S.K.: 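Attaching a single structure in structure tokens format; questions to follow.
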Amino acid sequence: MNSSNSSFKSIALSMASCSLLGSGLTELTFAQACLAQDGSSGSSSGCIDWSKLELTPQQSNQVQQLEQQWYKESGEILPQIREEQLKLQKLLAEHNPDSMQIVGLQQSIARRKEQLNLAAMQNYLSKKKLLNDKQQLQFEQMIQQNMTKRRMQLYPGSQTEPMPDKIQMLMQRVKNIFPMDKGNP
């Protein structure tokens, strides 16, 4: 084995290990599920309590359809990610792993994660588009509250409310006090 091949393997193994350790699949999955989740239950056990948004029957039906679409898409992609991550872990544990196979798996995992992220974002935007302005504001607040709660679970002892949230709340208060009339500049 020549030294350049050995260096390449070392770098590939390091990158793959770091990626596995810092992949944040749990965080990614939560964020995506939070963005695209719980259209039908109306309970507060999910990320969004849709009953608080006072959806019309038509909105509720459309949200349920988007929910089913999300579960179908994520149900196809997540198992593939998990399977490839397990293969990668096994490969990394081998005495003399194939560096090209490692890189290929790593790239495939990254593509699938991106595919899942895109599907979640499209689903989120589709749901948000169904809502009126008041519902959109409530929806965004629910998402932010749940993401903050999740961060606190993952990183206990960290700041309870990031500064940008406070600034956003202040800006929203100002907007509520001085609403802009769209007809006048």
Side-chain angles (χ1 to χ4, degrees), residues 14-55 63-64 66-86 88-89 92 105-176:
S14 295
M15 289 173 56
S17 298
C18 289
S19 178
L20 280 175
L21 294 175
S23 69
L25 181 61
T26 305
E27 177 87 16
L28 174 71
T29 303
F30 174 79
Q32 291 159 340
C34 192
L35 291 174
Q37 170 197 351
D38 210 353
S40 57
S41 72
S43 71
S44 59
S45 63
C47 186
I48 300 298
D49 185 352
W50 294 94
S51 66
K52 291 183 179 179
L53 295 177
E54 300 173 7
L55 299 176
V63 166
Q64 287 176 352
L66 289 168
E67 177 70 10
Q68 290 171 354
Q69 178 184 346
W70 164 248
Y71 281 117
K72 181 180 182 275
E73 289 179 66
S74 65
E76 293 170 0
I77 300 169
L78 277 172
Q80 294 171 346
I81 292 173
R82 287 185 193 110
E83 181 182 324
E84 288 183 341
Q85 285 180 325
L86 287 173
L88 185 58
Q89 287 174 341
L92 290 171
L105 277 170
Q106 188 62 29
Q107 289 173 340
S108 179
I109 290 167
R111 279 191 304 273
R112 291 185 199 283
K113 285 182 179 181
E114 184 59 34
Q115 182 183 4
L116 188 64
N117 192 29
L118 180 61
M121 186 55 66
Q122 288 172 334
N123 194 285
Y124 164 77
L125 293 173
S126 295
K127 285 179 181 177
K128 188 175 175 182
K129 189 185 259 186
L130 297 173
L131 306 175
N132 64 35
D133 290 342
K134 180 183 173 190
Q135 291 170 326
Q136 283 186 13
L137 179 62
Q138 290 174 305
F139 181 69
E140 291 165 4
Q141 289 172 346
M142 285 183 213
I143 294 285
Q144 187 61 44
Q145 289 168 353
N146 280 289
M147 292 303 295
T148 300
K149 186 181 357 175
R150 178 65 176 167
R151 269 188 239 113
M152 290 302 299
Q153 290 172 347
L154 290 173
Y155 311 107
S158 64
Q159 187 176 354
T160 57
E161 188 173 337
M163 184 58 84
D165 292 344
K166 291 179 182 177
I167 292 170
Q168 286 176 342
M169 286 177 28
L170 180 60
M171 289 174 65
Q172 189 58 46
R173 287 182 188 160
V174 170
K175 284 181 185 177
N176 290 340

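Keep in mind it's a predicted model, so treat the numbers as computed, not measured. Note: hydrogens, waters and symmetry copies are ignored here, and every other heavy atom, side chains too, is used.
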S.K.: Under the side chain to side chain donor-acceptor pair (under 3.5 Å) test, which residues partner S126, sequence neighbours left out?
M.R.: none

S.K.: Hey, mind stepping through R112 and L116 against side chain to side chain contact (heavy atoms under 4.5 Å, CB included) and telling me if it holds?
M.R.: CA-CA 6 Å; R112 291 185 199 283; L116 188 64; over 6 Å; no

S.K.: Roughly how far, to the nearest 0.5 Å, is the CE atom of M152 from the CE atom of M147?
M.R.: 14.0 Å

S.K.: Can you name the nearest heavy-atom pair linking L131 to Q135, along with the distance?
M.R.: CA-OE1, 3.4 Å

S.K.: Just how far is it from atom CG of N146 to atom CD of Q153, taken to the nearest 0.5 Å?
M.R.: 9.0 Å

S.K.: With E54, which residues qualify under salt bridge (charged side-chain N to carboxylate O under 4.0 Å, His left out), at least two apart?
M.R.: none

S.K.: To the nearest 0.5 Å, how far apart are CD1 in I81 and CD in Q115?
M.R.: 8.0 Å

S.K.: Looking at CG of N117 and CD of Q122, how far apart are the two atoms once the value is rounded to the nearest 0.5 Å?
M.R.: 10.0 Å

S.K.: Quick check for you: to the nearest 0.5 Å, what is the distance between Q69 atom CD and E67 atom CD?
M.R.: 10.5 Å

S.K.: Suppose we screen for side chain to side chain donor-acceptor pair (under 3.5 Å). Which residues come up paired with Q136, at least two apart in sequence or across chains?
M.R.: none

S.K.: For the side chain of N123 and the backbone of A119, is there at least one donor-acceptor N/O pair under 3.5 Å apart?
M.R.: no

S.K.: Of all residues at least two apart in sequence or in a different chain, which pass the side chain to side chain contact (heavy atoms under 4.5 Å, CB included) check with L105?
M.R.: E84, K87, L88, L91

S.K.: In Å, rounded to the nearest 0.5 Å, how long is the span from NZ of K72 to CD1 of I77?
M.R.: 10.0 Å

S.K.: Relative to each other, are the rings of W50 and F139 parallel, tilted or perpendicular (30° and 60° limits)?
M.R.: tilted

S.K.: For K134, enumerate each residue passing the side chain to side chain contact (heavy atoms under 4.5 Å, CB included) test, keeping only those at least two apart in sequence or located in another chain.
M.R.: N132, Q138

S.K.: Quick check: closest heavy atoms across K127 and V63, and the distance to 0.1 Å?
M.R.: CE-O, 4.1 Å

S.K.: Under a 3.5 Å threshold, yes or no: a donor from one side chain and an acceptor from the other, between Q80 and E76?
M.R.: no

S.K.: Please list, chain by chain and in numerical order, all residues satisfying side chain to side chain donor-acceptor pair (under 3.5 Å) with Q68, sequence neighbours excluded.
M.R.: none

S.K.: Quick one: side chain to side chain donor-acceptor pair (under 3.5 Å) partners of Q141, sequence neighbours excluded?
M.R.: none

S.K.: Heavy atoms only: give me the nearest P79-S74 pair and the separation to one decimal.
M.R.: CD-O, 3.8 Å

